[in-house]
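What follows is a set of notes on a single structure, which appears directly below.
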2 protein chains.
Amino acid sequence: MSRDEEKYDVDIQEVENDEVEIYELSQPTDEEIYASIIEALHNNDQEAFEEEFFKNHTYDQAQIYLTLEPADRVKVHHYLDPKELAEVYDIIDEDDHDQILTFLYDMEDHYAADVLSFMYTDNAVDILNELKPEKIRTYMHLMPKAAADDIKVLMHYADETVGSIMTTEFVSITTNQTVKSAMTMLRAKAANAETIYYLYVVDDDNRLVGVLSLRDLIVNDGNVMINELMSDRVVSVDVNEDQINVARTIQDYDFLAVPVVEETGELIGIVTVDDVIDVLDDEAMQDYSGLAGVDVDEQFTSPWASAKSRLPWLIILLFLGMGTSSLISNYEGMISEVATLSLFITLITGTSGNAGTQSLAVAVRKLATPDDEDSNLGSMILREILTGLISGGVTGFVVMIVVGIWQHNFILGGVIGISMLAAITVANLAGSLIPILMDKLGLDPAVTSGPFISTLSDLTSVLIYFTIASQFLHLLA
Amino acid sequence: MSRDEEKYDVDIQEVENDEVEIYELSQPTDEEIYASIIEALHNNDQEAFEEEFFKNHTYDQAQIYLTLEPADRVKVHHYLDPKELAEVYDIIDEDDHDQILTFLYDMEDHYAADVLSFMYTDNAVDILNELKPEKIRTYMHLMPKAAADDIKVLMHYADETVGSIMTTEFVSITTNQTVKSAMTMLRAKAANAETIYYLYVVDDDNRLVGVLSLRDLIVNDGNVMINELMSDRVVSVDVNEDQINVARTIQDYDFLAVPVVEETGELIGIVTVDDVIDVLDDEAMQDYSGLAGVDVDEQFTSPWASAKSRLPWLIILLFLGMGTSSLISNYEGMISEVATLSLFITLITGTSGNAGTQSLAVAVRKLATPDDEDSNLGSMILREILTGLISGGVTGFVVMIVVGIWQHNFILGGVIGISMLAAITVANLAGSLIPILMDKLGLDPAVTSGPFISTLSDLTSVLIYFTIASQFLHLLA
């Protein structure tokens with residue numbers, strides 16, 4: 001979360017080795033500082049520890065904290081007050097949440113509860129959501145009521161909704177204030193608000209009626225009224241929308257934050273740009289994983305775990321592949337008669353599989369960004385079919401010539417070429433149709449994986465190939 | 001760019017139809033406003049046009065502008081002064097740059113030059129880079145020298161470097177100033193600076209020595225000296241680094257902007273979070289395209305263009321596939337003897353292709369984020385081989401049973417099973433090895449496409465399958 005405005009404790013050395021710093025996040029930014037931190041911990045020297053530790057930017061404090069031995073970490077929990085540790089936890093990103101869970105269990109409950117209560121509400125909720133119900137109750141009971149209430153509110157929102165990533169620490173003012181009074185208010189809230197750069201204006205029913213930026217405040221005279229200054233045309237998002245919507249809004253409008261409202265128009269929170277970056281990153285990773293038929297973010301260090309997570313897809317597709325085998329078995333006689341036909345099975349299945357994967361990826365992407373002209377699904381499918389016919393035609397022609405010359409048999413070449421044309425066209429159709437169907441069914445098109453499309457097109461390609469071949473068998477045999 | 005702080009003219013209606021608004025970017029946010037804008041243009045009513053047009057947020061102004069008929073657009077160029085149009089162009093994102101080029105040619109040169117000079121330097125450079133040299137000279141000659149100089153500086157930086165996305169509109173102060181004087185300076189620069197929320201402190205040689213945030217300024221007393229307040233431990237990036245590095249820095253530290261320095265430590269620009277979001281988005285799209293072997297961002301509306309862009313990969317892989325065919329041809333005799341063998345070619349090639357794609361995706365991802373523990377390549381490859389052995393073993397066992405029962409022939413089942421085990425292991429090895437090799441060769445691992453891996457593993461799998469099968473031929477025949 002954007003506490004960076006508050007602290008900038010990163011060694012100037014980083015100007016030189018910034019690249020290293022970025023690519024070895026789990027490494028300290030400055031070896032000496034790291035060494036002396038460890039030393040201070042081993043000497044149980046709290047003062048020295050704090051001096052060295054706070055030399056680092058919060059992000060680097062987090063990276064150091066994550067590399068500590070359990071014993072040292074426990075000491076840190078005694079040296080840092082809950083608020084200081086909360087700042088560290090606020091910046092530890094999604095992937096490391098699970099680790100935080102284990103850390104919490106090493107703490108005394110009241111300390112853990114305090115840490116959670118000092119964190120930005122959205123981050124605290126992310127962590128609490130992964131805890132056991134009884135543990136949640138314990139912490140909620142131990143933390144200040146105000147914090148517990150904020151957390152309860154956010155915990156109600158479904159995963160991947162705007163509500164699940166919004167925070168309640170924002171600055172709101174009323175229309176009848178002056179710039180001066182707004183500034184005073186801002187100074188008071190500056191420490192806790194997640195961003196003080198946008199001020200949201202609400203009416204007596206706490207409904208969002210306007211917005212202005214800190215930029216507007218500082219360039220205007222102290223006596224100007226807020227309602228003269230504010231813009232009453234506010235872009236906001238509904239708390240129940242998909243989080244990707246708020247991400248796109250911030251990306252498109254170049255906002256630093258977007259206000260979140262209830263159906264009633266009541267202002268209940270904000271989503272900040274730093275959270276949105278992580279959302280976009282996750283979405284991209286999910287799409288990538290979907291295309292490969294594997295969770296690319298797999299953090300497993302053991303091959304067993306990796307294999308376990310990849311096998312389901314492989315086995316499912318294996319049985320789909322069995323379908324292809326049994327299909328071929330119907331043509332076993334034909335193959336033993338003209339064994340040459342078997343040479344080109346992989347050529348046709350492989351090439352059409354590649355074409356299908358291309359169509360799939362394009363379709364998934366188009367469905368994710370329907371802002372471009374051709375979001376019309378019908379025309380999208382038609383275009384994929386035509387694209388398939390053209391690329392299939394070219395590929396088929398090439399293969400016909402090559403096979404014809406190689407096998408001194410242009411009838412065979414023709415059979416392969418025509419099969420290739422048909423197989424690629426069908427693969428393109430499947431590649432674009434399946435994501436669209438999933439989208440229509442309310443499923444995420446990105447989960448239709450590339451492996452699935454290529455395995456499916458193996459089946460259709462073989463069917464097409466042998467059906468066509470059998471027509472010309474008397475000429476081939 | 002972040003001009004949003006200055007203008008918030010978006011209809012409150014959007015609170016309700018925000019989703020629509022987001023998913024139909026090329027549509028106006030408010031039909032009536034759009035209608036009256038068009039009407040005003042057709043009536044040549046500049047006043048009415050301006051009143052309606054400026055009701056919209058800059059982003060929505062951009063969307064409206066992009067949908068205009070050429071004739072109407074020319075009128076807009078007469079109604080808006082260059083600064084107003086520059087704000088619109090500043091928010092039109094990458095994808096639409098090419099359109100801007102055509103728009104520029106419709107304008108008088110001096111007007112176009114003014115628009116470019118009023119844009120944020122980094123955006124102006126993005127556009128200029130796509131223009132013909134003589135056109136660039138014309139514009140540079142017509143615009144104010146100061147602007148032209150800023151642009152010349154940025155144009156030197158290579159594509160995809162920090163320099164190519166940084167902007168020179170930032171606020172810098174000196175250590176010996178007070179909070180009060182800094183605020184005064186800030187007010188003066190607020191209009192032009194891309195962000196006023198971070199103030200960068202420089203010494204007499206313009207070297208970056210500190211940073212503080214507007215938050216720091218407003219919570220402190222006017223007489224406090226900057227050097228008491230600033231943090232002298234600044235995270236900055238080198239102007240020649242890869243742009244992805246600055247993106248990761250901003251993502252990790254949750255900054256709103258990062259200062260850009262020369263090797264000398266001299267402060268020359270900043271990169272803002274909004275640009276970084278687009279960088280991350282592009283990188284993600286490139287990875288996705290790489291995995292599918294197609295440019296998923298293809299904006300083509302014609303199937304010809306799509307086919308043209310996809311064919312190269314298909315044809316290259318076609319010839320790799322021919323290799324597999326000619327390999328099989330060596331075993332043609334064996335196949336005509338035991339045609340049953342041909343049933344399982346696609347099963348083995350398909351399954352190992354899927355496994356290889358999984359390994360590829362995981363490897364590419366790991367190489368992109370080496371911050372996790374196992375950035376050790378050796379262990380990464382070893383783990384993929386072990387993962388291959390395990391998943392290959394399981395898959396092989398399953399297939400052995402199924403084939404054994406189906407074909408009443410457990411020797412055949414065993415042959416298929418062992419081939420499957422070996423083929424999957426090799427595919428996993430290839431899937432992880434190839435991206436690593438590309439990375440070592442200084443190429444982007446993400447360009448190694450899934451289609452390539454599956455076509456390659458077709459070859460290795462067939463080789464493995466028939467080599468093993470030929471050993472047991474006397475038992476199978």
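Because only heavy atoms are used, hydrogens play no part in the values below, and waters and symmetry mates are left out as well, while side chains stay in. Each chain gets a letter, A, B and so on, in the order the sequences are listed, and its residues count up from 1. These figures come from a predicted structure and were not determined experimentally.
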Once you round to the nearest 0.5 Å, how far does CG of B:Asp281 lie from CD of A:Gln251? 4.5 Å

Structural part of B:Leu320 lying under 4.5 Å from a heavy atom of chain A: neither

Kindly indicate, with the supporting measurements, whether the criterion side chain to side chain contact (heavy atoms under 4.5 Å, CB included) is fulfilled by A:Thr351 and B:Leu317. CA-CA 7 Å; A:Thr351 310; B:Leu317 295 176; over 6 Å; no

Assert top hit (heavy-atom pairs under 4.5 Å, partner chain B, pool A:Ile348, A:Val394, A:Ile345) equals A:Val394

To the nearest 0.5 Å, what is the distance between CG (B:Leu291) and CG (A:Asp287)? 11.0 Å

Need one label for B:Ser461: side chain, backbone, both or neither, based on atoms under 4.5 Å from any heavy atom in chain A. neither

Is it the side chain or the backbone of A:Thr346 that comes within 4.5 Å of chain B heavy atoms, both, or neither? both

Ignoring hydrogens and geometry, is there a side-chain-to-backbone donor-acceptor pair from A:Arg187 to B:Ile218 under 3.5 Å? yes

If we define contacts as heavy-atom pairs under 4.5 Å, which of A:Leu186, A:Val402, A:Ile390 has the most with chain B? A:Ile390

Check the pair A:Val398 / B:Leu318 against side chain to side chain contact (heavy atoms under 4.5 Å, CB included), numbers first and verdict last. CA-CA 9 Å; A:Val398 172; B:Leu318 180 71; 3.9 Å; yes

If you tally heavy-atom pairs under 4.5 Å against chain B, which of A:Leu386, A:Leu347, A:Thr357 wins? A:Leu347

Do the side chains of B:Asp295 and A:Arg365 get close enough for a salt bridge, i.e. N-O under 4.0 angstrom? no

Do you know which of B:Val294, B:Leu343, B:Ile335, B:Val296 has the most heavy-atom pairs under 4.5 Å to chain A? B:Leu343

Shortest non-hydrogen separation from A:Ser213 to B:Tyr197 and the atoms involved: CB-OH, 3.8 Å

Residue among A:Leu360, A:Thr455, A:Asn354 with most heavy-atom pairs under 4.5 Å to chain B: A:Asn354

Contacting region of A:Met230 [heavy-atom separation from chain B under 4.5 Å]: neither

Relative to chain A, which of B:Gly392, B:Ala292, B:Pro451, B:Ser325 shows the most heavy atom pairs under 4.5 Å? B:Ser325

At what distance, to the nearest 0.5 angstrom, does CD of A:Glu332 lie from CG of B:Leu341? 9.5 Å

Please classify the contact between B:Trp406 and chain A as side chain, backbone, both or neither, with a heavy-atom cut-off of under 4.5 Å. side chain

Scored by heavy-atom pairs under 4.5 Å with chain B, the best of A:Ala284, A:Ser336, A:Gly321 is A:Ser336

Residue pair A:Gln358 / B:Gly293: nearest heavy atoms and the distance that separates them: NE2-O, 2.7 Å

Which answer fits A:Ile196, side chain, backbone, both or neither, if we ask what part of it has an atom under 4.5 Å from a heavy atom of chain B? both

Rounded distance [0.5 Å steps], OG1 in A:Thr340 versus CD1 in B:Ile328: 11.5 Å

Under 4.5 Å to a heavy atom of chain A? For B:Ser449 that would be neither

By a 4.5 Å heavy-atom criterion (distance strictly below it), what part of A:Ile385 contacts chain B: side chain, backbone, both, or neither? neither

Pair A:Ser359, B:Arg310 - check side chain to side chain contact (heavy atoms under 4.5 Å, CB included), show working. CA-CA 9 Å; A:Ser359 305; B:Arg310 299 185 198 180; 3.4 Å; yes

Max heavy-atom pairs within cutoff under 4.5 Å with chain B, candidates A:Phe344, A:Trp304, A:Tyr331, A:Phe452, goes to A:Trp304

Portion of A:Ser326 that has a non-hydrogen atom of chain B nearer than 4.5 angstrom: both

Measuring heavy-atom distances to chain A, does B:Ser329 have an atom under 4.5 Å in its side chain, in its backbone, in both, or in neither? both

Show your working on side chain to side chain contact (heavy atoms under 4.5 Å, CB included) between A:Ser391 and B:Trp313 and close with a plain yes or no. CA-CA 11 Å; A:Ser391 44; B:Trp313 250 120; over 6 Å; no

Ranking B:Val362, B:Thr324, B:Val219 by heavy-atom pairs under 4.5 Å to chain A gives rank one to B:Val362

Of the backbone (N, CA, C, O) and the side chain (C-beta and beyond), which part of A:Glu384 lies under 4.5 Å from a heavy atom of chain B, both, or neither? side chain

Region of A:Phe319 in contact with chain B, defined by heavy-atom distances below 4.5 Å: side chain

Quick one about A:Tyr59 and B:Asp254 (side-chain donor to acceptor, distance below 3.5 Å, no hydrogens or angles considered), yes or no? no

Taken to the nearest 0.5 Å, the spacing of A:Asp252 CG from B:Asp274 CG works out to 11.5 Å

Under a 4.5 Å heavy-atom cut-off, does chain B meet the side chain of A:Met322, its backbone, both or neither? both

Between A:Val399 and chain B, with a heavy-atom cut-off of 4.5 Å, which part of the residue counts as in contact: side chain, backbone, both or neither? both

Please check if the side chain of A:Arg233 supplies one atom and the backbone of B:Lys55 the other of a donor-acceptor pair under 3.5 Å. yes

Interatomic distance, A:Thr349 atom OG1 to B:Asp458 atom CG [nearest 0.5 angstrom]: 6.0 Å

